[in-house]
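Just so we're on the same page: letters track the sequence lines, and every chain starts at 1.
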Amino acid sequence: MPELPEVETTLRGIEPFLTGHTIREIVVRNASLRWAVPPEVHLAAGRRVESCWRRAKYMLVEMAPLRTGRHSQAGGLLIHLGMSGSLRICDAGDAPRKHDHIDIVLENNRCVRFNDPRRFGVFSWWHRPFSDHKLLKNLGPEPLSADFCGRHLWNASRGRKGAVKNFIMDGKIVVGVGNIYASEALFMAGIHPSRQAGRISAVRYQALACAIRDVLSRAIRRGGTTLRDFQDTDGNPGYFAQELLVYERAGLPCFQCQAPVSRKVIGQRSSYFCPRCQR
DNA sequence: AGACAGACCTGTGAGC
DNA sequence: TGCTCACAGGTCTGTC
């Protein structure tokens, strides 16, 4: 479900409820997510949240250091929404719904509740420095940061024979480009999703980098994309679905040339493109 | 190194 | 109504 704009929307929703507040306890109703929820998550109990931020699609909730200064406990919660996860704000006493696996309960009785039907999500703990974490250390640049550009894509793609769509969805190359926005960005840049990554010019990668930036930042402004079930922390949908140009539009006319949009499975994922506009 | 398939799960909608 | 099948927004792991 969530790609980078949906994760960013979720983070902005929980941040004001968590930062500066003290966590009373972590309630784990079902620990079997993608990996078993480790006992370290309970290190959060009794501690104040110092800050919340995002790296790729991982949300990091950093705890204020303990007065004892025990370095081994410096760090915080690591949350990934997987394919179907969401967080919502509620009261600690509210009855849990189906698939409400974990609560972050605050001392003020508010609660950030993690729901994930498919349980592909992650709820874990990171130790300082966060960049040493196994899941975070091999990640490529953030697409909205200054070190992401067409030159970076061009350099990284030399000699690569796989499809460009798989290439831009590879988190070691650039993070946060999921299945929806990969199709959208390639359409905007006029590049066929099956084209070999190593056979695209620097100029075209420049256009692609701009398209990735553009589509992700517009989607964040709209609160993400709701196709089936994405909700922000208040239960509202995202409004970017109305602006999608090709995703889930197979058979409908291309907005640029009117030719029917095609669907093709690339890297085991549905891909949408205009066979006339994208080469 | 990199390309690819398989794995993890539940829910939904289409077709019979 | 109920069965089966295809498909769904992610990404790690193992094999070649």
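No hydrogens or angles considered: nothing links the side chains of A:N166 and A:R269 as a donor-acceptor pair under 3.5 Å. A:N179 and A:K165 are linked by a side-chain donor-acceptor pair at a separation below 3.5 angstrom, with hydrogens and angles left out of the test.
Shown here are the side chain to side chain contact (heavy atoms under 4.5 Å, CB included) partners of A:A44, two or more places apart in sequence or in another chain: A:I23, A:I26, A:M63, A:L77, A:W125. A:D103 is linked by a side chain to side chain contact (heavy atoms under 4.5 Å, CB included) to A:V27, A:R29, A:V105, A:C111, A:R113, counting only residues two or more places apart in sequence or in another chain.
Atom CD of A:Q231 is separated from atom C1' of C:dG9 by 14 Å (rounded to the nearest Å). To the nearest angstrom, C1' of C:dC12 lies 14 Å from CG of A:L78. Atom OH in A:Y247 sits about 6 Å away from atom C1' in C:dG9, given to the nearest Å.
Ring pair A:F114/A:H101 is tilted by interplanar angle, where 30° to 60° counts as tilted. A perpendicular orientation is assigned to the rings of A:W53 and A:F130, their planes being inclined by more than 60° (bins at 30° and 60°).
Non-hydrogen atoms lying under 4.0 Å from DNA chain C are contributed by A:G178, A:N179, all within residues 157-179 of chain A.
Among the protein residues, A:Y181 comes within range of no part of the nucleic acid, since none of its heavy atoms lies under 4.0 Å from any strand. Contacts of A:L81 with the nucleic acid, taken as non-hydrogen atoms under 4.0 Å apart, are absent.
A:Y181 places none of its side-chain heavy atoms less than 4.5 Å from the side chain of A:L4. Considering only heavy atoms from C-beta on, A:V49 stays 4.5 Å or farther from A:I104 through its side chain. Within the 4.5 Å cutoff, the side chain of A:V261 has no heavy atoms near those of the A:L245 side chain.
Taking the side chain of A:R118 as heavy atoms from C-beta on, and the options C:dC12, C:dG9, C:dA8, the nearest nucleotide is C:dA8. Distance from the side chain of A:K57 is smallest for C:dT11 among the nucleotides C:dC12, C:dG9, C:dT11. Among the nucleotides C:dG9, C:dA8, C:dT11, the one closest to any side-chain atom of A:R34 is C:dT11.
With A:F255 as the aromatic partner, A:R249 meets the cation-pi criteria of under 6.0 angstrom to the ring centre and within 45 degrees of the ring axis.
Of the possible polar contacts, none joining the A:E62 side chain to the A:C52 backbone as a donor-acceptor pair under 3.5 Å is found.
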Parsed dot-bracket for DNA chain B after applying the Watson-Crick and G-U rules with both distances under 3.5 Å and | for other-strand partners is .|||||||.|||||||

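The separation of B:dC9 from C:dG14, taken at their P atoms, amounts to 16 Å, rounded to a whole angstrom. Look at the P atom in both B:dA5 and C:dC7: the space between them is 15 Å, to the nearest Å.
By the 5.5 Å and 30° criteria, A:F230 is not stacked with the base of C:dG9.
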Evaluate the side chain to side chain contact (heavy atoms under 4.5 Å, CB included) criterion for residues A:Q196 and A:F167: first the C-alpha distance (whole Å), next the side-chain angles of each, then the deciding distance (0.1 Å), finally the verdict.
CA-CA 9 Å; A:Q196 280 188 19; A:F167 174 70; over 6 Å; no

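Ranked by how close their nearest DNA chain B nucleotide is to the 5' end, A:Q268 and A:H99 are led by A:Q268.
Here the range on DNA chain B touched by chain A, meaning any atom under 4.0 Å from one of its heavy atoms, is B:dA3 to B:dG11.
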Can you name the atoms? Protein N/O to nucleotides 14-16 of chain C N/O, anything below 3.5 Å, with the distance.
none

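Proximity of A:R269 to the phosphate of C:dG9: a side-chain N or O atom is located under 4.0 Å from OP1 or OP2.
Looking at A:R88 and A:D94, no side-chain N of the basic residue comes within less than 4.0 Å of a carboxylate O on the acidic one, giving no salt bridge. A salt bridge is defined here as a Lys NZ or Arg NE, NH1 or NH2 lying under 4.0 Å from an Asp or Glu carboxylate O, and A:E248 with A:R228 meets this definition.
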